[in-house]
Structure formats: structure tokens, C-alpha cells
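Heads up: the structure comes next, in C-alpha cells.
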Amino acid sequence: MRGLGSRRFGGVSHADLQEEEPSQSSSTSESTHDQDAEEENRCFGTFQGTIVGLRYYTGTVNRGEMVALVRQPQNPYDRNAVMVANVYGSQVGHIKKELAAALAFIMDRNLARVEGVVPYGKTNSFTMTVTLTFWGREENQEAVHSQMKNHGYKLNAVKGSSSAASWDRYGGAGSSSEICPVILTQEELKNAFDKLFDDLLEDRTREMEAAEAVRTPLLLHQKQALYWMTSRENSSDLPPFWEQRSGLYFNVLTNFGARESPESVLGGILADDMGLGKTLTTIALILSNFHNGKPLPVKYEGGASESRPSTSSTAHPAQKGASRRKEDSPKPLQTLKRSNKEYVQTAALEEEDDDVVIVSETHADQRPTASQPKRASRRKEDSQKPLQSSTLKRSHKESDRTAASEDDDDVVVVSETRADQKPTASQPKRQTVKLHDVDFGSSLDSSRSASAKSRMKKGSGQTVKLHDVDFGSALDSSGSSLDSSKSASTKSQVKKGSGTSKKSPRPTLIICPLSVLTNWMDQFEQHLREDVQLNLYLFYGPDRCRQASFLSEQDVVLTTYNVLTSEYGKNSVLQKVLWLRVVLDEGHIIRNPDALQSKAVLSLNAERRWILSGTPIQNSVKDVWMLMCFLRLKPFAVREWWMRVIQRPVMMGNKEGLKNLQALLKVLTMRRTKLSKANGRPILQLPEKKVFLQKVVLSKEERERYELEKAEGRRIISRYMADGTVLRNYADVLAILVRLRLLCCHCDLVGKLTETAGTADSSSPAELRERLISKIRLVLSSGVDEECAVCLDSLRQPVITHCAHVFCKPCICEVIQSKQLAAKCPLCRANIKSTELLEYPGDEEDSRPTDRKDQWRSSSKVEALMTVLLKLRSEDPTIKSLVVSQFTKFLNILEVPLRESKFSFTRLDGTMNQKARARAVSELQDPSPGSPTVMLLSLKAGGVGLNLTYGAGA
DNA sequence: ACCGCCGGGTGCC
DNA sequence: ACCGCCGGGTGCC
């Protein structure tokens, strides 16, 4: 569906992604994003057309500026209408109707992509010339020419370098002056990127110390990253490709000019290799750069500190980064003075374990009398939920006046102590809630809810606004357009919304894959000074608090992509809160714009946005678009402009295009590899990696079984090959390969061959169902990390289609819904219906090998492993080992001999909840004698981001 | 639009 | 005059 975007660019926008508004064009298309760029690259010619009706619209264009042509089939005056919009999405006018009649035919049938450039700018207030260029597949050229001819128009041929060069002058989005485009290979692209980042390191050498709340000293390259990130967040620089020219803000790629400055991109991409400390750097950023380059005002246990770094703001490196900010005037110290403080305490929560003390404080100039103790937060703490904290015990009333933001507001601090603390608790729990509220004078509670309400109201008002604006303006739906007065009012409303409480947003939202959730919590614990009281809320689990007011008061809210996605569309509280910053860990996982999680992420409101990713460009340039969308870099949040200005030129080998892409990434990205150097020295000194490859010879019996299955598998696959049905039977093919790999581990891991490799066609519905269920079970229960082809992430609520392909249920349902009866399987193009989806019934808990010890038997691989483990233990009884397998059932088998040999071990696999995972990791890391020395680790659950350091290195 | 088009007013030079 | 011409009203799709 979105493949059509380039032809009806208005349909693809934030509005489309966020609000899920039905697009104006109701047509659907099979084409994918890729095809746009790779196949429609022939220029059919150009034509001088006319834009009319300028005086009815506010959108303006400059000389040489690109415009978008958008079909308006629903236009009541002319169903052939073609609307013209500028880069910000403001309508400029319409294509004259006679020409529109010709274009509509071409555009509706995708015979050509029509791009417009305004060569002269506004010469009168009624009409305007536009140079149209037609691009498309070769086989459609004739049809386009004849259609134009039928309407009395003749395309000007584009031949030779002269016209190409003139096209380039209009914005350089077309072909380069070379007639033959050079297609860069993936490899060349990657090299170009790597070279780019190498060059970058030379001018990214400035450092910044972390705030004192950060305990772990930063390595040099981390200080450099911190400086860079801080300066990006405090930047008032124009976004890439924007320049200020004679009082106007000007986009050099599209030639779009605007009177007001486009918003700076506050954030970017931290693309360091794994292991360089992206997490620590991010934690340091959160603590070190709150507003105006000041540290996050955290409290310190014992009340000894008042967030000291802010008192030395002039000396703090953060200030250098912040100095470009307009309103950069560090608040004088006296605003920090504590006067007329008033502490109120209330034990509020009834939960046996969770006494709450509200400590509030008033300002000198406030009515000091009326502060009423109220229950601040009704968070019902599930004792299972590991609530992160870096402190264990705290006194009842300690409250620090902290410099919170430019507004010097009052800060109400609501904190809580626990009555019965277990000093030894491995999971210290704590609830510290800081309320920011201006007028808490009368009743804390009522003012709070009033303020929260007004904030919420403002928020939804903004949404309504976006729905209401006309189509042209809706193209710019980031809610921050600078162009039209309508958008300007939206913008001011946003400002107001967050300013109702005269507070800038406080919390940072971190979104990460489930597998690294504990890692984040551990790292907060590990890297913060012990006495720092950070309000970190884990937004996870069934009892998570969904109160916007509560979340707004946190310093950090940590959640997963799955939680975010599952709340998306249900009026999620995460979308209501205005975040100070949103951090996407493993941010490349939003690279599929059709995936729900991508849409959910784009819908978040934040001042600053960061993408953490070891591999920001996984496959190609295409991956970058979603990142730019997330960062809200104008004008690329609208796919049309990204395609036209960056992606298509790059894919066609246009040097200018690649240069532009590089310039873009250069500004927004920091990337170091393990081999990178900081100030001439390697940034990382890891012990040398040693790989020992031990080949295990199968026993005779195992080998026979293996060969048998191999022959059978070969037979089945070659039959599919002969029939040309390999794709259709991919599940079977996968099954065969998985079976062979399982056999290499242990024969008991696979059942009889006939069970899974069922015959393909003709069976009763019941048989079909049976077969599909067994397939999905095989795909899922093997422990292989199977991806959903729609969202490219691990399967969530897996379902299997009648064509035997497995997807996340929400993903495939969305596909079906968008295509209705025409829905086809994304993998094999077979027709699919939502009624035919079969859900995964769950693992049949058949005889786990461990359950039947009597029947347990070993295998060659098990023996080999045990030999190694025993040898290691005899050399060093405390040595710790990780045993990794893709197959959780194999881990089951391994438990038996491990127990037999009296190994103490832990286990981490995908079935374990967060708490269990955390316990498994911490147990393994326990250095005391008798602690586990082996961890059984499933590759899927532990493959990404698990921080399993042990010993000195930590 | 410093146009084109429409339709009413008008009618030798 | 069932014309031509004049000049005011008007104007995207």
C-alpha cells in the first residue's frame, strides 16, 4: 500500500503513520518500496505545465523549488484533480484541469512518476509554471507519450547532458549528468559509509565529563560521545541542508524557503559498535544534560547535595554545548536557596510493604499555609516487579531544592520510604516520586489533577487539530510546521501544553528489546553513584502504572518495543506524555515502516530523540528513512521527499545523492568501531578473542540416522524444486534443515520423520489444520529465532497462514485489513484471509527429556561438551562458562549430565520472565564459592545486549 | 488577470 | 442587432 507513496505522496505522511487516517487515494498497490527506486528510473521527458489557483492557498514556492503532485480523486469539482504542494506539505495550487486530465490517467495507473519543479517562482498571484518530469519503467514510456499526445501535449525529450544538467540545477534529484547511472553495490555503499565515519572521528574529539551522579568514569571515547550528544541536544543549529539566506530559511536540496526556522533535530544516532558503552554513554547523557546543559537534578541520599554540578555551571563542559542556545542564561544560584521549606509527610499506601512519605516543599513566595498532604501516587507496587533503584534506605524527610529547568518552578518532592526494609534485599525497591507542580498551594491533589488534565486536554486538542487541517497541511503532521499559520498555532499549542505547568518535560523514555531490559536496569544501578536517587520506572508487566501524570514525574521510564506496540492504538499513555527524550535501543528494529512498532515509536512526543544502534544501516539506504522519520528531519518524514532527494539518487548511483546522504549522516550520527581510535589510541582494549573449534564426530548410530534423514530431506526438497514449489513449501524446507541440525545435537530432539514433512496438497480441512499446527509448532518450538517477515522482529502472537507462513498476528492482520479481500501473503503471494489464520496453540509439554531421567541418553555432542566442562573445572573450579544453543530443548537435555556431574548452573531462555532472567544473570555473576559456574543460554534470549561481564573487567 | 471569458448594454460617424 | 463593439464583473480544481 505504501509503495504507492511516491505517486500520491500526500498519503504517506506522519498523519498516515500516526493517525491511521484513510488516505485520500483509495487505491492499493502491490509494489513495494524497493521497486519505486530500482525500476522506475527512466526519464520519459519533461513538460511545462501550469499551476493555477495560487491565490486560494497559503503554500509558497521559490524559484527552482521542488513541488509534489498529489492526485485528488475525491475533489468535488474534478475527479482528475492534481494538487500541488510544497515541501512542508502546504498546498500551492492545482494543475490546470486539462493537463490534470492527462496526468490523472498516468498517475492513477502508475505509468509514470511525475515530479515537479517550479522554474521561475511566483511571477503573479494566480498561476505559475511548473516543469514536470516523467519517470517510469521503460515499458510504460509509450503509453505515457500517447496519453499526453491524446490530450494535445507533447513531452520534451530529455537527451544528452544539457537537459540533465538543467534538471540538476532544479534540485539535483534527477539523473546525474552521466547518462548511464552507476549502480553502487552494497559493498561499495558500506565502504562509503565506513569511510565517512572514519573521517568524522577527527572532528569529534571534544570531551565532556559526566555529571557527578555517574559513578563509573567514562572512557575517552565515551566522553567524546557525551560531548557530542549533549551538544546535539542543546543545538540550535539548522538541520542538515538548511541554510539561512537573506532572512529566509532555505533548504538547499529542495529549494524550499520558509520564513521561520525549521526545528533543530535535537538528537541523532549513536551507532557505536557493540561493546563500546552506548548504554553507559546514554545514562551519562540523561544525568548530565537536563535543560540548558545542566545535570539532571537528582537527589542525593542524606540531602547533602543540591545537584552540585549546576552550581558550577560555568565551568561545566555542558555549558559549552549549551552556549549556542538562545536563552542560555544560567539561573543565578540564589534560586536554589532553601527558604520557608515545609515538609509534609504522610504514610499513604496501605500496601504492607510500601509506605509512602510525601515530602513537599514550598517556595518562599508561595502561600506556605495550605500545602495539604495527599496521596501522591497510587502506584500499586507488585512485589514481583523489580523496581529499579540505586538506593536502599533513605531518611524520611530530605528534600532538596533543585534547579529543575529554566522556569525556576517549585518542586514538590514526594518520596517514600519503606517501613520494613530487608537490608539484604537483592532487589532494593523504592518509590521516589517528584512532582513538578506550580500551584500546589491549595490542594496538592486537586491542583495536580487539574494540571494533568489540562495537559492532557491540550494534547488531545492538538491531535484533533491535525485531523482538522486541510489535506495539504495534513501532510505536515509532525505538529510543528513552521510554514502556515495553522501549523504555527499548533506549535504554540504544543508549547503551551507543556508549559501549562511551566515545566519542561522531565522524563526520558527508553525503549529496548525485552532481552536487554535487565541490562539497562543493571547498568543504571551499576553506573550511578550509590546515593543517587533516580526515579526510574519500569513500564512493564501487567500492573504497570498508566497514569500520565505519574510517568511525567519520572526521570527515566524504561519499556520494551512490545509493550509500546501493544499499547499503541489504545490511547496509550506513552503517547500522551511529552518526553524530554526518547531513546530507541537497538533502534534499527524500526526500519520497517509498516510494522506496528515503528508506527508506535513515531507517535511518541518528545523534545529529543536518540537512536542507539550498532548497525544503523543494516541493508541499504532504505533503512535510513525510518531513522530520519523518527528524528523528524524535515522534509524527509514524508517519504516522497526522501525518495526523490536521497534514496532514488543514491540507488541510481548519483554521486550528488550519495554525497547528500553522507552529509546527512555525518551531522546526525556518531559511529566508532572497536578498531576506531580516540586521540590516536585504540578506544578499546579487549583481551584477544580465541576461537577453538572442536569437531565432534557422530557415533555410528547417530551418523546413520543423520544420513537417512539427509537423503529423505534431499528427496523432498528436490521434488519441490522440480515442481517449482519451494517457496510455497518453505516451512517444510526449513523443517528439514532444522531437523538435521537437531540431529547433530541429540537424536531425541527430533521425532519420526513422517510427522512433520507432510504431503503438500489435497487434504481435509482437519488434516490441513493439523499439518499447519504441526508446522508452526516446529518453527517455533525448535528454539530458532524465527522472524516475522512483516515487522522483521521476533514473532509475537505467532499465527500461521494456510500457505504455511508464520507471522505476528497483529502484523499479518494489519496487512489483511489494508488489502481486504485482495490480501496476499507477503512471502508467497497466496491469497490469505484473517479467518484462515491459525494461532500457535502453545508448546505441547510432551515429555521433556529431563522429566524422564531413566530414559535419558547421551549424544556425541553432549559428551564432547561435558568433557570440556569437566576439564575446565579441574583446572580452575571457579571458572565460569556459558553454554549457548539455539535449541532450548537441547538445553533441557544438557541439564541432566550437568546435575549428574554436580555442576551448579543457571539458565536463561525465552520462556523466562524478566525477573527470572535477572536472577539467572546475577547468580552467574556471583563470585562466591559454590555459585553457579555454568549458564545455559538460549541464543534467542541471550543473543543481544546481555551484559555478562564477570571478574576484573566489569 | 497588464489576461480570457461571460453576459449585459448598446448601436453611424 | 439572429450581429460587432464596449466595458464591468470575474477568475482553480
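Just so it is clear, the model here is predicted, and its values are computed rather than measured. Here is the naming used below: chain letters follow the sequence lines, and residue numbers restart at 1 for every chain.
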Roughly, in whole Å, what's the span from CG in D78(A) to P in dG11(C)?
18 Å
Residues which pass salt bridge (charged side-chain N to carboxylate O under 4.0 Å, His left out) with K809(A), listed by chain and number, not counting sequence neighbours
E839(A)
Take the protein atom NZ of K96(A) and the nucleotide atom P of dC13(C), then report the distance between them rounded to whole Å.
8 Å
For dC13(C) versus dC2(B), give the span between their C1' atoms, rounded off to a whole number of Å.
25 Å
Rounded to whole Å, CG of N124(A) lies from P of dG11(C) at a distance of 16 Å
dT10(C) and dC6(C): how far apart are their P atoms, nearest whole angstrom?
22 Å
R55(A) CZ to dC13(C) C1', in whole Å, measures 13 Å
Can you see whether F105(A) has R109(A) sitting over its ring - NZ or CZ less than 6.0 Å from the centre and within 45° of the normal?
yes
So that I know where these two stand, are F47(A) and F134(A) an aromatic pair - ring centroids less than 6.0 Å apart?
no
How long is the line joining CD of E98(A) and P of dG4(B), in whole Å?
14 Å
Could you pull out all residues at least two apart from E243(A) that satisfy salt bridge (charged side-chain N to carboxylate O under 4.0 Å, His left out)?
R245(A)
Rounded to whole Å, please give me the gap between CD in Q74(A) and P in dC13(C).
19 Å
Are any of K97(A)'s side-chain N or O atoms less than 4.0 Å away from OP1 or OP2 of dC12(C)?
no
Would Y56(A) count as stacking on dC12(C) if stacking means ring centres less than 5.5 angstrom apart and planes tilted under 30 degrees?
yes
Here the distance between atom C1' of dC13(C) and atom CG of L99(A), to the nearest Å, is 13 Å
What contact category does L54(A) fall into here, base, sugar-phosphate, or nothing, at under 4.0 angstrom with non-hydrogen atoms?
nothing
Using the six-membered ring for Trp and the full ring for Phe, Tyr or His, decide whether F126(A) stacks on the six-membered base ring of dA1(B) (centres under 5.5 Å, planes under 30°).
yes
Which nucleotide, if any, forms a Watson-Crick or G-U wobble pair with dG9(B), using both distances under 3.5 Å?
dC5(C)
E115(A) and R644(A): CA distance, side-chain angles, deciding distance, salt bridge (charged side-chain N to carboxylate O under 4.0 Å, His left out) verdict
CA-CA 9 Å; E115(A) 294 184 348; R644(A) 200 169 148 182; 3.4 Å; yes
Quote, to the nearest angstrom, the C1' distance that separates dC12(C) from dG8(C).
22 Å
Write down the distance between CG (L103(A)) and P (dC13(C)), rounded to a whole number of angstrom.
13 Å
Taking the C1' atom in each of dA1(C) and dC5(C), what is the distance between them to the nearest angstrom?
12 Å
